[in-house]
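Remarks on the structure that follows.
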Amino acid sequence: MNDKFNQVNLISKQLQQIVNDKKYDILELKDILYYLMSSDKKYSDAFLSSLLMGLELVDMPSKDIKTLIDVIIRINHYNPFSVSLSKYPNITCVAGSGKKYYKTLNITTLATIVASGLGAVIVKPTSKGVTSRLGSEDLLEYLKLPITNSITKAEAFISKNSIAFFSIENLIPKFDAIYGGRQLTISPLSNALPGLMSPISCQNIYFGLSSNYHNKALNLLRSYGIGGNISISSTKLNEGYLDELTFSSGSKLTFESSNNSTIILEGITFDKADLNNARSTNNITNNINKIISEIKSTEVTDYMKIVCLNAAGILLTAGVYKNIRVAYEQAKLYVQKGKLLDRINALRGKQL
């Protein structure tokens with residue numbers, strides 16, 4: 001009882017300090033995380049949500065974010081990127097922080113399929129809808145595409161198709177259990193934690209981020225062993241952010257190569273696409289029907305242009321192309337020739 005009382009007081013103290021003074025004690029936060037994840041506790045979900053939402057008000061340095069992430073992965077006995085597939089020395093992980101400001105149809109999942117069809121070798125961590133109405137795993141299940149949480153099966157999928165969809169459900173179960181399955185909701189942890197959800201070693205990563213903290217995300221991902229190319233993509237839209245590239249003045253791609261040379265592309269407007277035409281609705285059935293209709297069409301609509309732009313970012317990160325505009329044109333051509341549908345049919349093993 002005293003332990004519980006002391007921890008509740010500690011959490012309350014930290015919240016007050018964060019809200020009132022924009023300060024925190026990283027050692028106390030570390031202790032709180034350990035406490036909340038150590039066993040099943042009533043209200044742990046609410047406590048953790050409050051803390052992480054409060055920490056959005058503070059500009060946490062990378063080293064403190066890493067301290068909290070290390071607590072999470074350590075207590076869950078999880079080692080990111082720990083399993084090497086020696087036959088595939090240039091795997092690109094594609095992940096995103098999630099978004100809460102503006103809801104789009106699922107973009108990144110189709111972008112990975114296009115990019116893998118054009119030469120990238122990809123591991124795509126998947127999850128149920130958390131910050132979107134149709135998560136990557138939900139979409140893949142609707143499309144009847146293979147998802148696995150087995151390293152052996154993932155390697156077989158990569159061998160056959162150059163892509164593996166790897167379910168992240170239960171990779172960090174103690175954290176997930178007390179956070180109501182919302183591990184991808186936006187918080188300081190979003191700068192890296194979602195990008196670490198691959199036990200398969202990846203040399204490169206294309207990471208969508210719902211903020212402008214690109215350097216922070218780069219530093220964090222590099223600190224967890226990503227030795228190849230790292231790309232951070234985002235779009236500022238009014239007062240919020242998307243974790244994808246779009247054709248707008250607010251789009252930004254930060255690319256850092258394996259030798260640490262950096263290229264920043266801002267305001268990507270070499271084509272036009274109305275984001276409203278890629279917006280999701282509250283009706284999941286309507287969303288999935290629209291996506292299937294887009295897949296079956298050879299017309300490069302506004303939605304498909306955004307898919308192709310993110311496929312181009314992935315191809316740049318994977319080293320398949322050196323120029324994002326060239327990669328984009330190749331992705332568009334891939335869709336126009338009906339190869340996206342052909343590839344999905346091949347992945348399914350039957351017609352969509």
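Below, all heavy atoms of this structure are taken into account, side chains as well, without hydrogens, waters or symmetry copies.
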Looking at every non-hydrogen atom in both residues, tell me the closest pair between [X] and [Y] and how far apart they are.
| X | Y | answer |
| --- | --- | --- |
| Thr148 | Ala154 | CG2-N, 3.8 Å |
| Phe255 | Leu316 | CE1-O, 3.8 Å |
| Lys103 | Arg279 | O-CG, 3.2 Å |
| Ile168 | Pro125 | CG2-CB, 3.4 Å |
| Pro61 | Tyr24 | CD-OH, 3.2 Å |
| Ser84 | Ser201 | CA-CB, 3.9 Å |

Among residues two or more places apart or on two chains, list those pairs meeting side chain to side chain donor-acceptor pair (under 3.5 Å) that have a residue in residues 247-256.
->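 Sorted result for residues 247-256: Asn212-Lys252, His214-Thr254, Arg222-Glu256, Thr246-Ser248.
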Evaluate the side chain to side chain contact (heavy atoms under 4.5 Å, CB included) criterion for residues Leu145 and Glu141: first the C-alpha distance (whole Å), next the side-chain angles of each, then the deciding distance (0.1 Å), finally the verdict.
-> CA-CA 6 Å; Leu145 297 182; Glu141 287 176 353; over 6 Å; no
Could you check whether any side-chain N or O of [X] sits under 3.5 Å from a backbone N or O of [Y], counting only pairs where one atom can act as donor and the other as acceptor?
| X | Y | answer |
| --- | --- | --- |
| Asn229 | Thr317 | yes |
| Ser261 | Ser257 | no |
| Gln14 | Asp25 | yes |
| Asn283 | Thr285 | yes |
| Lys332 | Ala327 | no |
| Lys236 | Asn238 | yes |
| Asn204 | Gly228 | no |
| Asn79 | Ser82 | no |
| Asn76 | Lys174 | yes |
| Ser97 | Ser210 | yes |

Ionic contact status for Lys290 with Glu294, cut-off 4.0 Å =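 Salt bridge flag = yes for Lys290 with Glu294.
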Salt bridge between Lys216 and Asp59, side-chain N to carboxylate O under 4.0 Å?
->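 A salt bridge links Lys216 with Asp59.
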Are Lys66 and Tyr224 in a cation-pi contact, defined as NZ or CZ under 6.0 Å from the six-membered ring centre and within 45° of the axis?
->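 Judged by the rule (NZ or CZ under 6.0 Å from the ring centre, within 45° of its axis), Lys66 counts as positioned above Tyr224.
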Determine, step by step, whether Phe207 and Ser231 satisfy the side chain to side chain contact (heavy atoms under 4.5 Å, CB included) criterion, reporting the C-alpha distance in whole Å, the side-chain angles of both residues, the deciding distance to 0.1 Å, and the verdict.
-> CA-CA 6 Å; Phe207 186 59; Ser231 291; over 6 Å; no
Kindly indicate whether the side chain of [X], heavy atoms from C-beta on, has any atom under 4.5 Å from the side chain of [Y].
| X | Y | value |
| --- | --- | --- |
| Leu143 | Ile292 | yes |
| Lys22 | Leu57 | yes |
| Glu244 | Thr104 | yes |
| Leu265 | Ile324 | yes |
| Ile72 | Leu189 | yes |
| Ile18 | Leu51 | yes |
| Asn310 | Val94 | no |
| Leu48 | Ile32 | no |

According to a 4.5 Å side-chain heavy-atom criterion applied to Ile, Leu, Val, Met, Phe, Trp and Tyr, with indirect links allowed, do [X] and [Y] form part of one hydrophobic cluster?
| X | Y | value |
| --- | --- | --- |
| Leu15 | Tyr34 | yes |
| Ile113 | Leu352 | yes |
| Val300 | Val326 | yes |
| Phe166 | Leu85 | yes |
| Ile264 | Ile230 | no |

Identified side-chain contact (heavy atoms from CB on, under 4.5 Å) partner of Ile232 from the options Leu209, Leu253, Asn191 =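 Only one option passes, and that is Leu209.
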Which of these, Ile314, Leu140, Thr92, Thr108, sits in a side-chain contact (heavy atoms from CB on, under 4.5 Å) with Lys124?
->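 Looking at Ile314, Leu140, Thr92, Thr108, the match for Lys124 under the side-chain contact (heavy atoms from CB on, under 4.5 Å) is Thr108.
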Report the C-alpha distance between Phe165 and Thr112 in whole Å, list the side-chain angles of each, state the deciding distance to 0.1 Å, and finish with yes or no for side chain to side chain contact (heavy atoms under 4.5 Å, CB included).
-> CA-CA 10 Å; Phe165 299 108; Thr112 61; 3.9 Å; yes
Ring pair (Phe, Tyr, Trp, His ring centres under 6.0 Å) contacts in which one or both residues fall within residues 294-336, not counting sequence neighbours =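 Counting only pairs at least two positions apart or across chains, the ring pair (Phe, Tyr, Trp, His ring centres under 6.0 Å) contacts touching residues 294-336 are Phe247-Tyr328, Phe270-Tyr328.
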Which pairs count as ring pair (Phe, Tyr, Trp, His ring centres under 6.0 Å) when at least one residue sits in residues 58-82, sequence neighbours excluded?
->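 Residue pairs passing ring pair (Phe, Tyr, Trp, His ring centres under 6.0 Å), neighbours aside: none found.
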Is the closest side-chain donor-acceptor distance between [X] and [Y] under 3.5 Å?
| X | Y | value |
| --- | --- | --- |
| Asn287 | Thr281 | yes |
| Asn345 | Gln351 | yes |
| Asn9 | Ser12 | no |

How long is the straight-line distance from [atom2] of [Y] back to [atom1] of [X], given to the nearest 0.5 Å?
| X | Y | atom1 | atom2 | result |
| --- | --- | --- | --- | --- |
| Arg74 | Leu33 | CZ | CG | 11.5 Å |
| Ile69 | Asp64 | CD1 | CG | 11.0 Å |
| Ile291 | Ile288 | CD1 | CD1 | 5.0 Å |
| Glu155 | Ile158 | CD | CD1 | 7.0 Å |
| Lys23 | Gln16 | NZ | CD | 15.0 Å |
| Lys160 | Leu347 | NZ | CG | 8.5 Å |

Give the C-alpha distance, both sets of side-chain angles, the deciding distance and a yes or no for side chain to side chain contact (heavy atoms under 4.5 Å, CB included) between Asn219 and Tyr213.
-> CA-CA 10 Å; Asn219 292 335; Tyr213 294 128; over 6 Å; no
